[in-house]
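The first residue of the sequence shown is numbered 1, and numbering continues consecutively from there.
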Amino acid sequence: MDSRLREVDAPAEPANGAAALATAKAEVEVTKPRNDRRGYRRVVLPNALECLLISDPDTDKAAASMNVSVGYFCDPDGMEGLAHFLEHMLFYASEKYPIEDSYSKYIAEHGGSTNAFTTSEHTNFYFDVNNDSLDDALDRFAQFFIKPLMSPDATLREIKAVDSENQKNLLSDPWRMSQLQKHLCSNNHPYHKFSTGNWDTLEVKPKEKGLDTRAELINFYDSHYSANLMQLVVYGKESLDNIQTLVESKFCDIKNVGRKHFSFAGHPCSSKDLQILVKAVPIKQGHTLRILWPITPNVRHYKEGPCKYVSHLIGHEGEGSLFYILKKLGWAMSLEAGEGDWSYEFSFFSVVIQLTDVGHEHMEDVVGLLFRYITLLQTSGTPKWIFDELLAICETGFHYRDKSPPSNYVVNISSNMQIFPPEDWLIASSVPSKFSPDAIQKVLNELTTENVRIFWESKLFEGHTDLTEPWYGTSYCVEAVPPSIMQKWVENAPNEDLHLPKPNIFIPTDLSLKNVEEKTSFPCMLRKTLFSRLWYKPDTMFFTPKVFIKMDFHCPLSNSSPESSVLTDVFTRLLMDYLNDYAYDAEVAGLYYAVRPNDTGFQVTMVGYNDKMRTLLDTVIGKIADFEVKIDRFSVIKETMTKGYENFKFRQPYQQAMYNCTLILEEQTWPWDEELAALSNLEARNLEDFLPRMLAKTFIECYFAGNIEPSEAESVVQHIEGILFNSSTSVCKSLPPSQHLTKRIVKLERGLRYYYPAMCLNQQDENSSLLHYIQIHQDDLKQNVLLQLLAVVAKQPAFHQLRSVEQLGYIALLRQRNDSGVRGLQFIIQSTVKDPSNLDARVEAFLNMFEVTLHEMPDAEFKSNVNALIDMKREKYKNIREESAFFWGEISQGTLKFDRKEAEIAALEELKKEELIEFFDNHVKVGAPEKKILSIQIYGGLHASEYEKIVHDAPPPHSHRITDIFSFRRSRPLYGSFKGGAGQMKL
């Protein structure tokens with residue numbers, strides 16, 4: 001059967017010859033996945049706005065995305081960041097909806113979310129919302145592009161928000177290194193530009209030139225935001241005809257000023273920007289090698305997919321690959337290859353290698369081996385069987401693609417509409433369908449020593465550089481590396497057996513659906529022994545040949561001390577390391593796996609096509625059963641982890657606040673510096689001693705869901721037990737019921753405000769941060785829905801007041817917190833404007849303001865918020881991952897409330913406004929009798945003196961300063977655990 005949708009609507013006949021008033025419905029074939037039952041229609045409005053309408057009768061959410069074919073490449077010289085700033089400003093208000101923030105408030109109150117982003121040649125605005133609110137949401141959204149208001153006051157405030165966003169990124173290595181690559185390009189090409197903008201570029205410099213930023217903003221909008229440069233996607237439950245009527249009525253007033261599509265011809269790199277070695281000093285520990293080549297953009301040959309073919313081989317991690325050899329030599333921790341920054345006019349192919357300390361010393365050999373592997377590819381021809389494998393993987397991936405949230409889906413498609421013809425808007429470049437050895441060879445021939453740029457990042461270059469990148473302050477130096485030098489690197493590199501990969505045994509061939517007789521809505525316990533428990537949930541919703549597996553290995557010794565926690569982490573990383581050579585192919589073929597430490601031991605996760613699942617799972621279990629510590633790999637893993645711990649201090653201040661909050665609240669968590677100290681003393685023999693002791697007490701909690709029969713799930717778990725517990729060489733022994741671990745949470749005291757001030761670990765970071773946590777209750781149906789409803793009602797007002805009005809910082813948000821069933825609210829703010837103690841005061845001022853808003857809320861608005869939350873809870877899972885994440889959460893926390901959503905909907909339907917007000921007054925409002933506060937305050941470099949003051953001043957009334965986290969944790973009572981409660985975890 002042809003899987004392509006044929007849209008055969010005839011173009012509408014204009015009445016009275018009014019051709020300009022007609023909406024064009026061109027006949028178009030949209031290639032779509034076999035199992036996609038959604039309806040698609042392309043229309044072009046009279047103002048030349050191109051639209052794709054999507055009708056999905058099964059959706060619970062509507063969504064829309066407008067892609068504007070304008071990005072920071074269009075920024076006027078001397079006003080860097082103007083396109084990005086305009087993106088921010090369109091959210092404020094419009095002539096039709098002049099109340100500031102009314103768009104975001106409407107979306108938030110109707111179960112939705114909204115955002116936008118700016119890239120080099122795109123600005124994309126999008127939202128999702130509950131189905132019955134699409135009409136009003138679209139009306140508000142359309143005003144962005146019809147008649148926005150950009151008041152002088154809002155303009156000034158939002159420049160501060162853009163500046164705060166830039167402040168957040170100044171010490172981020174990905175931002176710094178990306179800008180350095182742009183900086184070392186032709187300054188005549190817009191790729192060279194600084195994209196974000198800051199106070200200097202948007203306020204100070206324009207004023208010096210006599211420019212009014214707001215006037216420039218309006219001029220940029222009027223001259224660039226033209227309907228013929230826009231692409232709209234609208235996704236809803238309604239019929240295509242109804243969605244089309246909506247779109248025509250809302251978006252026909254967008255002006256078409258006839259602006260030509262922007263084109264930026266030429267490549268950013270001139271000859272002087274090639275054959276260079278750039279040594280750069282990063283913020284974080286580690287050595288990174290980035291090798292880049294300007295190439296012909298893949299998008300020009302997207303049906304042939306030459307970059308996909310080349311990156312598949314250069315980025316391969318199986319036996320004989322470049323990474324396999326570098327790993328064997330102990331030189332690399334990871335390798336990624338593929339097309340990086342690109343447009344229709346230019347593109348870069350990049351290979352990014354994380355080097356070990358030894359690999360850093362062998363940089364020239366690493367580059368030499370890379371070029372030797374490229375030469376191998378250039379001279380091996382282009383085997384068609386490799387292309388056929390890729391095609392099979394990509395086709396299966398497209399036709400059995402998981403349904404994604406509508407907001408993600410519309411953003412992807414609207415972005416594609418700028419680039420691809422209508423028939424390929426869904427498939428884009430994801431499936432290379434034409435085998436073209438010439439196109440592949442052309443890309444390979446561009447990966448030469450004459451055409452290369454090498455960026456080498458390491459803290460070891462500190463003090464050995466002579467240049468500074470102007471926007472982020474990155475220190476660097478540039479050396480010439482002519483081809484003759486690189487040829488010597490190739491000749492001197494070790495003689496290793498590089499070769500093409502073997503055929504991939506994990507490509508699924510059986511994609512049939514299992515016939516499971518019992519169609520249960522919730523997981524059921526299939527099997528329970530002394531060694532394991534098996535939960536099972538067949539696929540009754542998605543009908544895809546995929547499976548989801550979770551196995552929690554509960555081992556009490558795994559987290560009993562900082563040393564044991566670190567050793568468990570080393571063990572799981574080594575396990576993943578050993579599996580990689582063989583199981584990398586599984587991931588390529590769409591069967592993903594992971595082994596990670598968790599609070600009570602370690603966890604094995606597997607998700608993807610069920611066809612070869614058993615093969616992979618047997619391999620993972622076999623590696624656990626026969627685990628041996630390889631000293632060379634232990635050393636590399638230890639080095640990787642050491643750098644990770646050392647880089648902890650470079651986390652964003654708000655992340656440090658979140659970490660400290662968890663450390664204070666969760667029993668049996670260890671501080672990063674103690675774990676680093678433990679790691680530094682560990683040797684391979686410590687892991688050899690530890691592992692048998694850890695596994696000597698093990699219980700496995702299993703969850704199997706998807707396209708798998710119950711008998712097969714039982715058989716798999718029985719087989720695992722046989723290998724791990726019941727053979728003569730078994731490493732695992734059963735865990736006595738008395739020794740099962742639980743995670744318990746500190747109970748804060750009513751009527752008391754705890755605060756924990758700390759200096760930011762990186763004194764170069766000027767940002768401070770506050771996490772203001774209000775602990776409320778342990779899992780309880782009525783209180784859960786009251787808390788959720790309060791969060792829905794307060795979220796947007798908090799953002800608007802703390803960020804948009806007061807401009808405290810780019811990060812200013814309110815959200816729920818759930819620690820193992822203990823629930824509350826948390827405000828998170830990151831700021832250079834005010835110190836954390838002052839931020840705390842602003843949170844309380846907001847709560848005082850919000851108290852009035854809540855008490856005065858009209859009944860209709862209350863009911864609207866309740867209905868929005870009910871609609872959110874009725875939202876169906878999109879795929880097996882989403883469904884399993886919910887059910888697994890109930891199993892792992894021990895609550896087992898599989899019908900939680902249905903029960904919460906019933907509770908919401910009975911809820912009264914007075915109950916919400918009473919809940920707020922008792923638990924949240926300033927001075928509430930039941931209120932329990934924990935304020936985590938991270939002081940950045942700008943607020944060092946305020947930190948000194950707060951630690952020397954006596955605590956205010958009803959406040960207690962935490963000076964020692966662990967003394968505090970030991971002194972407080974704990975909430976009970978759900979594991980073991982009401983017979984739920986009896987084994």
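Rounding to the nearest 0.5 Å places OG of S415 at 4.5 Å from CZ of F117. Here the straight-line distance linking atom NZ of K193 with atom CG of N187 works out to 11.5 Å at 0.5 Å rounding. Atoms CZ and OH, on F648 and Y659 in that order, are 5.0 Å from each other to the nearest 0.5 Å. Of the inter-residue distances, the one linking H189 atom NE2 with C269 atom SG reads 9.5 Å to the nearest 0.5 angstrom. The distance from atom CD of E646 to atom CE of M641, rounded to the nearest 0.5 Å, is 12.0 Å.
In terms of modelled atom types and a separation under 3.5 Å, the side chain of E389 and the main chain of N504 share a donor-acceptor contact. With hydrogens and angles ignored, the 3.5 Å screen pairs a side-chain donor or acceptor of R453 with a backbone N or O of Q181. A donor-acceptor contact shorter than 3.5 Å links the side chain of R372 to the backbone of A493. A donor-acceptor contact shorter than 3.5 Å is absent between the side chain of N767 and the backbone of Q830. Remark: the backbone N or O of I283 is paired with a side-chain donor or acceptor of D173 at under 3.5 angstrom. For the pair T640 (side chain) and V636 (backbone), a donor-acceptor distance under 3.5 Å is present. Side-chain N or O atoms of N492 include one that pairs as donor or acceptor with a backbone N or O of K488 at under 3.5 Å. Remark: the backbone N or O of L579 is not paired with any side-chain donor or acceptor of K623 at under 3.5 angstrom. The backbone N or O of S270 sits less than 3.5 Å from a side-chain atom of D273, completing a donor-acceptor pair. With hydrogens and angles disregarded, a donor-acceptor distance shorter than 3.5 Å links the side chain of N198 to the backbone of T201.
Summarising the geometry of T123 relative to G71, their closest heavy-atom pair is OG1-CA, 4.1 Å, with the distance given to 0.1 Å. Minimum heavy-atom separation, P597 to T572: CD-OG1, 3.3 Å. Considering all non-hydrogen atoms of both residues, I938 and P653 come closest at CG1-O, 3.8 Å. Of all heavy-atom pairs spanning L292 and S350, the tightest one is CG-CB, 4.1 Å. Contact record, F349 with V351: CE2-CG2, 4.0 Å, taken as the closest heavy-atom pair. Minimum heavy-atom separation, C394 to V431: O-CG2, 3.6 Å.
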Please report the C-alpha distance between D497 and K328 in whole Å, then the side-chain angles of each, then the deciding distance to 0.1 Å, and finally whether the salt bridge (Lys or Arg N to Asp or Glu O under 4.0 Å) criterion is met. CA-CA 11 Å; D497 182 23; K328 189 183 83 168; over 6 Å; no

Let me see the working for S475 and E462 under side chain to side chain donor-acceptor pair (under 3.5 Å), right down to the final yes or no. CA-CA 8 Å; S475 299; E462 224 155 10; over 6 Å; no

I would like to know whether E766 and H943 meet side chain to side chain donor-acceptor pair (under 3.5 Å); could you show each step before the answer? CA-CA 8 Å; E766 296 183 345; H943 300 125; over 6 Å; no

In sequence, state the C-alpha distance, the side-chain angles, and the governing distance for S831 and S768, and then conclude on side-chain contact (heavy atoms from CB on, under 4.5 Å). CA-CA 5 Å; S831 179; S768 291; 5.6 Å; no

Determine whether E87 and T118 satisfy the following criterion, side chain to side chain donor-acceptor pair (under 3.5 Å), listing intermediate values before the conclusion. CA-CA 7 Å; E87 170 226 301; T118 304; 2.6 Å; yes

Going through the checks in order, is the side-chain contact (heavy atoms from CB on, under 4.5 Å) test met by F194 and N166? CA-CA 11 Å; F194 167 56; N166 184 58; 3.4 Å; yes

Where do S565 and E675 land on the side-chain contact (heavy atoms from CB on, under 4.5 Å) test, with the steps shown first? CA-CA 8 Å; S565 177; E675 291 188 336; 3.1 Å; yes

For the pair K327 and D577, evaluate salt bridge (Lys or Arg N to Asp or Glu O under 4.0 Å) and give the outcome as yes or no after the intermediate values. CA-CA 10 Å; K327 193 174 116 173; D577 187 79; 3.6 Å; yes

Quick one: do V478 and L467 satisfy side-chain contact (heavy atoms from CB on, under 4.5 Å)? Show the steps, please. CA-CA 8 Å; V478 182; L467 296 167; 4.3 Å; yes

I'd like to know whether Y645 forms a ring pair (Phe, Tyr, Trp, His ring centres under 6.0 Å) with W672, so could you lay out the CA-CA distance, the side-chain angles of the two residues, the decisive distance to 0.1 Å, and finally the verdict. CA-CA 7 Å; Y645 281 117; W672 71 274; 7.3 Å; no

Determine, step by step, whether E479 and K279 satisfy the salt bridge (Lys or Arg N to Asp or Glu O under 4.0 Å) criterion, reporting the C-alpha distance in whole Å, the side-chain angles of both residues, the deciding distance to 0.1 Å, and the verdict. CA-CA 8 Å; E479 299 173 12; K279 296 177 181 175; 3.0 Å; yes

Working note: D200 + K205, criterion salt bridge (Lys or Arg N to Asp or Glu O under 4.0 Å); need CA distance, chi angles, decisive distance, verdict. CA-CA 6 Å; D200 202 42; K205 293 275 177 64; 3.2 Å; yes

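Within a 6.0 Å radius of CD in E587, other residues, nucleotides and ligands contribute more than 12 heavy atoms. Counting heavy-atom neighbours within 6.0 Å of D466 CG, excluding the residue itself, gives a total above 12. Annotation: Q764, atom CD; neighbour count of heavy atoms from other residues, nucleotides and ligands within 6.0 Å does not exceed 12.
Note: F627 and Y578 meet the aromatic proximity criterion, with ring centroids under 6.0 Å apart. Under the 6.0 Å cut-off for aromatic ring centres, H122 and F73 do not qualify, their centroids lying 6.0 Å or more apart. Side-chain rings of Y584 and H316 approach one another, their centers coming within less than 6.0 Å. A centroid separation of less than 6.0 Å is found between the aromatic rings of Y191 and F346. In this structure, W471 has its ring center no closer than 6.0 Å to that of H183.
Contact annotation: the side chain of S458 approaches that of H360 to within less than 4.5 Å [non-hydrogen atoms, C-beta and beyond]. In this structure the side chain of P282 never reaches within 4.5 angstrom of the side chain of F650, judged on heavy atoms. M486 has its side chain within reach of V452: a pair of non-hydrogen atoms, C-beta onward, lies under 4.5 Å apart. Here the side chains of V366 and L329 are not in contact, with every heavy-atom distance at 4.5 Å or above. Counting heavy atoms from C-beta outward, Q441 and D438 have side chains that stay 4.5 Å or more apart. Contact annotation: the side chain of F348 never approaches that of E339 to less than 4.5 Å [non-hydrogen atoms, C-beta and beyond]. Counting only heavy atoms from C-beta outward, the side chains of H312 and K308 never approach each other to under 4.5 Å. Side-chain contact check for E469 versus Q179: some heavy-atom pair is nearer than 4.5 Å.
Of the listed residues (H287, Q354, R290, K284), just one forms a side chain to side chain donor-acceptor pair (under 3.5 Å) with E457, and that residue is R290.
Between D585 and K502 there is no salt bridge, since none of the side-chain N atoms of the basic residue sits less than 4.0 Å from a carboxylate O of the acidic one. With respect to K442 and E446, no salt bridge is recorded, no charged nitrogen being found less than 4.0 Å from a carboxylate O.
Under the 6.0 Å distance and 45° angle rule, R300 counts as a cation-pi partner of Y344.
Using a 3.5 Å distance cut-off with no hydrogens or angles, the side chains of E317 and N580 do pair a donor with an acceptor.
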